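Quick notes on the structure that follows.
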Amino acid sequence: MLYRAAVIGDSQTVMGFKAVGLTTASANDGPEAAAQLHKLAENGYAVIYITEQLAAQIEEDMARYNDTAEVAVIPIPSQAGSLGIGVRGLHLAVERAVGADILKQQ
């Protein structure tokens, strides 16, 4: 089975991902990002990267996919930089799986 990946973000950020062959979806705000997220998930994309700035605006929409094996929604930094959302999500996922935050920095 072939898994597809896509990136949701501002046009400047997604431009580089498009150049390497990923499907991209531009969004300027939360409602646009949520619509793109659901559209990509419904069309069989297994991995959907989304800029942290947009992810912060659609946390409830992203939560629909947290416990599914079909779609992984992964926050990434944008051209504007990182908000730390991706790292926090990774820590929470590891803590849920292992029972402790083994990635905690000293």
Side-chain angles (χ1 to χ4, degrees):
M1 171 173 243
L2 179 64
Y3 294 104
R4 297 185 299 168
V7 181
I8 302 169
D10 60 90
S11 59
Q12 196 73 7
T13 299
V14 300
M15 190 182 322
F17 291 99
K18 188 171 194 148
V20 297
L22 288 176
T23 299
T24 61
S26 293
N28 296 312
D29 57 28
E32 285 181 13
Q36 293 288 3
L37 173 65
H38 298 309
K39 179 180 173 184
L40 290 166
E42 290 167 7
N43 285 308
Y45 283 83
V47 178
I48 302 170
Y49 299 99
I50 182 168
T51 60
E52 291 179 332
Q53 286 74 9
L54 291 172
Q57 298 176 48
I58 63 165
E59 290 177 350
E60 288 183 19
D61 293 280
M62 291 173 47
R64 286 178 46 183
Y65 304 103
N66 281 351
D67 295 322
T68 67
E70 293 83 23
V71 180
V73 182
I74 304 167
I76 59 171
S78 73
Q79 295 284 357
S82 176
L83 301 176
I85 294 171
V87 172
R88 280 194 303 275
L90 177 62
H91 283 258
L92 290 172
V94 169
E95 189 171 358
R96 240 186 356 248
V98 179
D101 185 0
I102 61 173
L103 301 177
K104 190 181 308 181
Q105 293 187 356
Q106 307 298 348

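The structure displayed is predicted, hence computed values, not measured ones.
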- Message: Counting C-beta onward and ignoring hydrogens, is there a side-chain heavy-atom pair between Ile8 and Leu40 closer than 4.5 Å?
- Response: yes
- Excluding sequence neighbours, so at least two apart, what forms side chain to side chain donor-acceptor pair (under 3.5 Å) with Thr23? Tyr45
- Note, Ile48 side chain near Gln36 side chain (heavy atom, < 4.5 Å): no
- Please step through side chain to side chain contact (heavy atoms under 4.5 Å, CB included) for the pair Ile50 and Leu37, ending with a clear verdict. CA-CA 9 Å; Ile50 182 168; Leu37 173 65; 5.5 Å; no
- Message: To check you understand the geometry: which heavy-atom pair defines the closest contact between Ala55 and Pro75, and what is its length?
- Response: CB-CB, 4.3 Å
- Using the ring-ring contact (aromatic ring centres under 6.0 Å, His included) rule, collect all pairs that involve residues 56-77, keeping only residues at least two apart or in two chains. His38-Tyr65
- Note on the structure: To the nearest 0.5 Å, atom CD1 of Ile74 lies from atom CD of Glu52 at 12.0 Å
- Query: Looking only at heavy atoms, what is the nearest atom pair of Gly9 and Val14, with distance?
  - Reply: N-CG1, 3.4 Å
- Item | Gly30 versus Gln57, closest heavy-atom pair with distance | N-OE1, 2.8 Å
- Item | Close side-chain approach of Met15 to Lys18, heavy-atom, < 4.5 Å | no
- How far apart are the closest heavy atoms of Leu54 and Asn28, and which atoms are they? CD2-C, 4.3 Å
- Note on the structure: Between the CG atom in Asp10 and the CD atom in Glu32, the distance rounded to the nearest 0.5 Å is 11.5 Å
